[in-house]
Amino acid sequence: MKYNFDEIVDRSGSNCLKWDLAEEGVLPLWVADMDFKAAPCILSSLQKRLDHGIFGYTIPPQRYFDAVINWFGRRHGLEVRKEWMLQTPGVLPGVSASIKAVSNPGDKVLILPPVYNHFYCSIRHCNCVACESNLIWDGHSFTVDWEDFEAKAADPAVKAYILCNPHNPAGRVWTKEELLKMGEICLKHNVFVISDEIHCEIVSPGFKYIPFASLSEDFRMHSSTCCSPTKGFNIAGIHASNVFVANPAIREKVAEAIENSEANGLSAFAVEALIAAYEEGEEWLTEMNSYVYDNYLYLKQTLAAECPAIKVAELEGTYLAWLDCSAVTSDADVLSKTMRDEGKVWFCEGSIYGEAGRCFLRVNLATPRAILEEGLKRAIPYLR
């Protein structure tokens, strides 16, 4: 490989949530950020901006919009126009603004647990109610309970559906057929689709991420797409995200919600990092994906040999392994705490992703192999 993903960078003392929140001696494999240095092209771009020495209010230049438009068009087959793009410091402000644009307090928002825990927060902060349609787990992968999905979507109180594609933490990259079925059901029942596609750049071999809005003009006009280079390029702390809203009437409401929540605007560093990532970072991204997938295979093989009762969900996308621990515990929260207190390794407890995740643990694979090896060594006695 051209890039050294085996390099161990000491992140302690850098005000790092993942490492500095952990108690001394605990190896953290929980929060979804990488332990890899960002791509050299991003570091170089940021250094050049830093050397300028003035960091005032910033507006995205045309090059910013061109970088996004060209990246999604060339890499993912998604048409994006400049006028469709709204900037936010993170994907969640875009999700929340989209909820506010299509709902009123007391309305319901459909989600598919186990699912990203902050969706619950966004729904609650918008004074709406989470409507859950649990995914079906077969011991290998997750599928949609279509009968339940449509029944929930048919509820007149359900105004929006938050699609997570790729799905965190289940690791699914939804197929074209699945996305079409979701979209058709939502159109039928006038449910607006809010598609969180932040993990879109992290896809395993043999799978293909398909942007929801790329599938039809009806889907494009009845959805918003929230995306960011922050997951794929490990620049979450720089806060650079976009919301694509093709429907002008909805876009006006989303923009108003962003403005009202004071979640608009990007920093000087966010603009430069995004441009560098989309213009020059593809080679680094390809190698990172390969390294993470090899880590997944290593984890899966190790657990199969040492802890055969633990079932590992097939990883189609994201860098997050999802472990079914139901054979060894009825409450993975307790297991996670015991592993952290006694084993000095931190896997994320699954219950934060909804009750459907109660017996699961989530493991971050975006780390040097030596760290993963040590983490598994510490975890294995508790997973047998």
Side-chain angles (χ1 to χ4, degrees), residues 1-9 11 18 27-45 67 70-72 74-78 140-141 164-175 197-211 227-236 273-274 276-305 312-323 347-348 362-377:
M1 281 190 171
K2 177 178 178 180
Y3 303 100
N4 182 15
F5 297 101
D6 286 321
E7 179 184 4
I8 296 177
V9 179
R11 299 183 67 188
K18 182 178 180 181
L27 195 62
L29 293 170
W30 62 296
V31 169
D33 71 6
M34 304 182 197
D35 291 321
F36 309 136
K37 285 185 178 179
C41 62
I42 295 175
L43 299 179
S44 176
S45 179
N70 293 337
W71 178 270
F72 279 91
R74 176 181 59 80
R75 187 174 170 90
H76 301 306
L78 176 65
H140 174 71
S141 185
C164 194
N165 183 36
H167 191 97
N168 169 22
R172 284 297 318 277
V173 176
W174 303 112
T175 65
E197 303 185 3
I198 193 171
H199 290 275
C200 67
E201 307 303 343
I202 312 161
V203 178
S204 300
F207 297 93
K208 179 178 175 56
Y209 150 74
I210 301 171
C227 60
S228 170
T230 56
K231 289 295 182 193
F233 291 94
N234 198 31
I235 50 174
L274 180 144
Y278 286 158
E279 286 188 348
E280 305 175 67
E282 193 162 15
E283 182 182 49
W284 181 94
L285 180 65
T286 299
E287 290 197 6
M288 182 278 296
N289 268 305
S290 177
Y291 189 93
V292 164
Y293 188 70
D294 284 346
N295 272 354
Y296 161 70
L297 295 178
Y298 171 78
L299 173 139
K300 190 174 182 179
Q301 292 161 3
T302 300
L303 292 181
V312 182
E314 182 173 7
L315 187 69
E316 301 177 2
T318 81
Y319 49 71
L320 305 163
W322 189 235
L323 313 184
F347 290 0
C348 189
R362 195 186 76 169
V363 186
N364 187 333
L365 299 168
T367 193
R369 175 65 62 83
I371 292 178
L372 179 61
E373 289 175 353
E374 178 62 25
L376 289 176
K377 179 181 177 181

CD1-CD1 distance between I235 and I42, expressed to the nearest 0.5 angstrom | 4.5 Å
Return the set of residues passing salt bridge (charged side-chain N to carboxylate O under 4.0 Å, His left out) with E279 (not counting sequence neighbours), or none when no residue passes.
-> R63
Would a distance-only check, ignoring hydrogens and angles, find a side-chain to backbone donor-acceptor pair under 3.5 Å from Y209 to I202?
-> no
How many angstroms lie between atom SG of C200 and atom CG of L78, to the nearest 0.5 angstrom?
-> 9.5 Å
Under a 4.0 Å N-O cut-off, is there an ion pair linking R172 with E314?
-> no
Is the backbone of Y298 close enough, under 3.5 Å, to the side chain of T302 for a donor and an acceptor to pair up by distance?
-> yes
Look up atom CD in E197 and atom OG in S228, then write down how far apart they are to the nearest 0.5 Å.
-> 12.5 Å
Sidechain-backbone polar pair: N234 side chain, M34 backbone, donor-acceptor under 3.5 Å = yes
Spatial distance of atom OG1 (T367) from atom OH (Y319) [nearest 0.5 Å] = 11.0 Å
Start with the C-alpha gap between K300 and L323, add the side-chain angles, then the distance that decides, and say whether side chain to side chain contact (heavy atoms under 4.5 Å, CB included) holds.
-> CA-CA 10 Å; K300 190 174 182 179; L323 313 184; over 6 Å; no
Look only at the side chain of W174 and the backbone of C164, and say whether a donor-acceptor pair between them is shorter than 3.5 Å.
-> yes
Look at the side chain of R362 and the backbone N and O of F347, then say whether any donor-acceptor pair between them is shorter than 3.5 Å.
-> no
Backbone N/O of L320 and side chain of N364: donor-acceptor pair under 3.5 Å | no
Could you go through the side chain to side chain contact (heavy atoms under 4.5 Å, CB included) check for D35 and V9 one step at a time?
-> CA-CA 7 Å; D35 291 321; V9 179; over 6 Å; no
Under the side-chain hydrogen bond (donor to acceptor under 3.5 Å, both in side chains) rule, collect the residues that match up with Y291, sequence neighbours excluded.
-> D6
Side-chain touch F72/C227, heavy atoms, less than 4.5 angstrom = yes
Looking only at heavy atoms, which two atoms of N165 and I210 are closest? And how far apart?
-> ND2-O, 3.1 Å
Residue pair L365 / L315, side-chain heavy-atom distance below 4.5 Å = yes
Taking every heavy atom of L29 against every heavy atom of G375, the minimum-distance pair comes out as CD1-CA, 4.0 Å
Check against side chain to side chain contact (heavy atoms under 4.5 Å, CB included), Y293 and V203 | CA-CA 9 Å; Y293 188 70; V203 178; over 6 Å; no
Kindly indicate whether the side chain of C41, heavy atoms from C-beta on, has any atom under 4.5 Å from the side chain of W284.
-> no
Salt bridge between K2 and E283, side-chain N to carboxylate O under 4.0 Å?
-> yes
Flag, side chain of K231 to backbone of E201, donor-acceptor distance under 3.5 Å | no
Check: P368 and F5 side chains under 4.5 Å, non-hydrogen atoms = no
So, the side chain of T286 versus the backbone of E282: is there a donor-acceptor pair under 3.5 Å, distance only?
-> yes
Would a distance-only check, ignoring hydrogens and angles, find a side-chain to backbone donor-acceptor pair under 3.5 Å from W30 to K18?
-> yes
Would you find a donor on one side and an acceptor on the other, under 3.5 Å apart, between the side chain of S45 and the backbone of A273?
-> no
Between A321 and L299, which heavy-atom pair has the shortest distance, and what is it?
-> CB-CD2, 4.1 Å
Given side chains that start at C-beta, do those of V312 and Y296 come closer than 4.5 Å, heavy atoms only?
-> yes
Say you draw a straight line from CZ of R74 to OH of Y278; how long is it, rounded to the nearest 0.5 Å?
-> 11.5 Å
Can you check side chain to side chain contact (heavy atoms under 4.5 Å, CB included) on W71 and H76, steps first, answer last?
-> CA-CA 8 Å; W71 178 270; H76 301 306; 3.8 Å; yes
R369 and N295, any side-chain heavy atoms less than 4.5 Å apart = yes
Can you name the closest pair of heavy atoms from T318 and P166 and give their distance?
-> CG2-CB, 4.0 Å
Partners passing ring-ring contact (aromatic ring centres under 6.0 Å, His included) against H199 (at least two apart in sequence or in another chain) = none
